[in-house]
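Side chains included, hydrogens not; waters and symmetry mates left out as well; all remaining heavy atoms used. Keep in mind the model is a prediction, meaning the values are calculated, not measured. Just so you know, residue 1 is the first one in the sequence shown, and it goes up from there.
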Amino acid sequence: MTGVAVQQRKTIRATVGESLFYLLPRLEQDPAPPIWPPDVFGLCMALLLKSGAYSSVLATWPPSESKELSSAESWTEKVAQVGGSWQAAWTKREVPAEVGAAWKTVMGSLQVPICELCQATALAQSLLNLCAFSDEASGNIGVPHEEPTENAEFYSHADLLLEPNDYGSTLCEEIDQTRIRVLPKMRTPQSGLTIRSFSHNLSFCGESEVRPKWFTVPSFSPEGLCLNLLIVPWPMRIDPSQFCPTEPLKSEMQNLPGDFGFFTFVHKKEEVEEVVRVVSRLYEAGVAKLGRIDGVILPEAAVSVDGHRALSKWVLEKEAFLITGVGEPSKAGIEHGTNMVHVDIPGMELLTQKKHHRWKLDGSQIAQYGLGGRLHPEKIWWEHISVTDRQIVFLSMLPWLVMCPLICEDLARPDPIGDVIRAVGPNLIVALLMDGPQIKERWGARYATTLADDPGSSVLSITSLGMAGLSRALHSAVNRSRVIALWKDPQSGGATEIELPAGSDAVVISLTVRYLEEWTADGRSDGRNAGCPMLSGIHSVRLQI
């Protein structure tokens with residue numbers, strides 16, 4: 001296209017009104033502001049993000065001459081007051097006067113092109129004010145509350161909205177979740193400047209293929225502020241014979257070149273009864289040493305469906321929760337295998353989440369795990385699972401703890417779930433791996449550090465003793481095959497290797513909470529309310545003979 005043609009090109013620039021009408025169509029006929037704070041948050045955040053005005057508006061912040069705010073009070077104090085009054089006004093289906101005034105500015109600017117919003121200072125300030133009002137109105141939303149709770153109706157409504165449907169969870173009441181969604185938020189990044197820097201309690205999630213599902217755990221109340229988690233590195237032994245070549249579906253990937261293939265993993269038949277025997281004895285040993293066990297965690301593909309069924313029944317009877325990888329081999333040419341995480345919590349239905357990426361085994365990994373007798377090292381081998389159902393589970397277990405489970409490659413690949421994880425900022429990420437030893441120099445520590453930096457999550461990665469033992473130290477004379485887990489949090493500096501001492505069969509880690517003060521980019525403190533899980537103890541246990 002010539003320069004003249006570019007100059008003559010006719011375009012119609014997207015406007016504030018078009019964006020708002022797309023997200024909430026009723027605004028075209030009814031310009032009244034949404035009554036529910038997360039809806040206002042979603043609309044305003046979408047405009048600030050699309051225009052980039054969230055960064056430029058800080059050049060004239062806080063508003064020095066604002067009709068919405070009294071000059072006699074500081075901006076942060078006034079915003080907190082407006083947020084608090086919004087909860088009370090919501091039950092009357094009203095919004096505070098300050099919210100109405102700022103919304104009027106927005107609705108009076110419908111013809112402003114999105115690309116010019118950075119220069120529309122009054123509009124950008126009103127949008128950021130509305131985001132702050134709604135964020136302050138939503139303090140402690142989406143987490144368990146002790147009864148009685150002030151403004152209990154407000155929080156009950158939020159819990160009801162968060163209940164997952166076929167499209168996942170959202171806090172929005174009027175905005176459909178196929179357009180954008182708003183979720184609770186646990187950590188606010190304290191470095192860099194992104195749209196995530198502007199809220200403590202609400203997170204903005206744009207259009208995405210991922211369906212996040214939020215579950216608030218009923219009646220989970222461990223003693224004090226400590227969790228004892230039993231990490232069982234099962235299976236204790238894995239043989240190369242369990243990795244098998246397989247055929248894709250007859251209609252699947254017919255144009256792959258000959259140097260690509262598919263593999264599947266097969267569990268040993270005797271493990272169904274054996275895993276319950278081993279875990280039960282380790283659980284009792286952990287209770288004898290520490291007094292209680294709150295949860296049991298096993299790595300990726302640790303058990304089959306039958307093994308999980310038997311194990312979950314036993315763990316739930318102990319009033320503990322279970323997080324484990326569950327796998328089933330593929331049926332050559334007929335059916336994909338499965339690789340999922342199953343979460344069992346007393347009083348709740350089984351929660352499941354599929355792996356989002358296939359494991360790719362190349363020549364170096366085939367040599368590392370000694371699989372050359374099963375999988376030809378000159379080919380690239382893909383795990384034969386389906387990756388079509390992309391959802392992510394958030395478990396709201398305590399006021400300071402929202403947990404998110406991941407499976408192996410999901411920790412390393414930012415797409416498609418990375419944006420949602422960074423937006424919500426779960427306090428604890430549990431990554432189930434089918435991997436070698438979890439030493440600091442390997443890939444797991446690198447990606448755990450990224451999430452610890454932003455959004456500020458603590459990360460626990462675990463693998464099986466079988467896979468760690470199968471892994472050969474190709475470039476080191478030191479055998480680290482008993483390092484079965486790795487811990488990384490945003491406060492302690494480097495990562496902590498969790499090694500299984502010789503003669504031991506599992507470890508129990510103790511987690512406590514440290515409350516941190518975090519600040520939004522617009523200058524609001526969370527009042528030291530950000531919970532950061534910290535590793536406070538590592539205890540080995542062994543099978544009792």
Side-chain angles (χ1 to χ4, degrees), residues 232-249 252-253 260-275 278 297-311 323-342 352-377 379-389 405-412 431-438 444 461-472 481 484:
V232 182
W234 185 265
M236 305 299 184
R237 175 174 173 173
I238 290 177
D239 296 320
S241 61
Q242 294 176 256
F243 290 83
C244 305
T246 190
E247 294 297 323
L249 306 187
E252 179 183 37
M253 304 298 291
F260 284 82
F262 289 93
F263 76 93
T264 192
F265 180 79
V266 181
H267 293 87
K268 297 177 180 178
K269 293 182 179 179
E270 64 270 19
E271 289 181 354
V272 173
E273 295 181 358
E274 183 69 5
V275 68
V278 169
I297 305 177
L298 278 68
E300 176 187 7
V303 295
S304 64
V305 171
D306 289 339
H308 166 261
R309 187 179 299 112
L311 182 60
I323 300 177
T324 183
V326 179
E328 285 288 301
S330 67
K331 297 178 182 178
I334 300 174
E335 186 177 18
H336 287 108
T338 58
N339 190 335
M340 308 176 72
V341 57
H342 284 197
T352 64
Q353 177 179 303
K354 289 184 177 181
K355 190 177 182 180
H356 300 103
H357 296 279
R358 295 183 173 107
W359 184 7
K360 184 182 76 170
L361 276 169
D362 57 20
S364 64
Q365 291 190 74
I366 289 172
Q368 177 185 351
Y369 296 113
L371 303 178
R374 301 291 292 169
L375 306 174
H376 198 290
K379 294 182 68 172
I380 299 295
W381 296 91
W382 291 96
E383 182 180 11
H384 194 229
I385 59 173
S386 172
V387 290
T388 57
D389 183 18
L406 301 179
I407 308 176
C408 209
E409 280 83 0
D410 298 342
L411 176 63
L432 311 183
L433 311 184
M434 197 173 185
D435 190 35
Q438 295 303 286
S461 63
I462 68 170
T463 190
S464 67
L465 189 61
M467 281 301 295
L470 201 62
S471 174
R472 294 188 296 165
S481 62
I484 50 92

Minimum heavy-atom distance I407-N339, with the two atoms named: CG2-OD1, 3.7 Å
Are the side chains of Q242 and D239 in contact, using a 4.5 Å heavy-atom criterion? yes
Before giving the answer on side chain to side chain contact (heavy atoms under 4.5 Å, CB included), spell out for Y369 and D435 the whole-Å C-alpha distance, their side-chain angles and the decisive distance to 0.1 Å. CA-CA 9 Å; Y369 296 113; D435 190 35; 3.2 Å; yes
Close side-chain approach of D410 to H357, heavy-atom, < 4.5 Å: yes
With sequence neighbours excluded, tell me which residues meet ring pair (Phe, Tyr, Trp, His ring centres under 6.0 Å) with H267. F265
Can you tell if the side chain of H342 reaches within under 4.5 Å of the side chain of T352, non-hydrogen atoms only? yes
Main-chain N/O of S461 paired with Q438 side-chain donor or acceptor, under 3.5 Å: no
Considering all heavy atoms, the nearest P437-S481 contact: CG-CA, 3.7 Å
4.5 Å side-chain heavy-atom contact, S464 and M434: no
Minimum-distance pair of heavy atoms, taken over all atoms of T463 and G436: CG2-O, 3.4 Å
Roughly how far, to the nearest 0.5 Å, is the CD1 atom of I297 from the CD1 atom of I323? 5.0 Å
Is there side-chain contact between P233 and I462, with at least one heavy-atom pair below 4.5 Å? no
Distance only, no hydrogens: is a donor on one side chain within 3.5 Å (strictly under) of an acceptor on the other, for S330 and T246? yes
Determine the minimum heavy-atom distance between E328 and T264, stating which atoms define it. O-OG1, 4.5 Å
If the plane angle is over 60° it's perpendicular, under 30° parallel, otherwise tilted; pick one for F263 and F243. tilted
If you define the side chain from C-beta out and look only at heavy atoms, does anything of P299 sit under 4.5 Å from L433? no
W381 and H376 have their tightest heavy-atom pair at NE1-O, 2.9 Å
Minimum side-chain heavy-atom gap K268-P235 below 4.5 Å: no
Less than 4.5 Å apart, side chain to side chain, heavy atoms only: is that true for H336 and L249? yes
At what distance, to the nearest 0.5 angstrom, does CD of Q353 lie from CG of L406? 6.5 Å
Salt bridge (charged side-chain N to carboxylate O under 4.0 Å, His left out) contacts touching residues 354-367 (sequence neighbours left out): E252-R358, E300-K355, K355-E383, K355-E409
Would you name the heavy atoms of I366 and P377 that are closest together and state the gap between them? CD1-CA, 3.8 Å
Going by side-chain contact (heavy atoms from CB on, under 4.5 Å), L432 matches just one of V341, L411, L298. Which one? V341
At what distance, to the nearest 0.5 angstrom, does CD of E273 lie from CG of D306? 11.0 Å
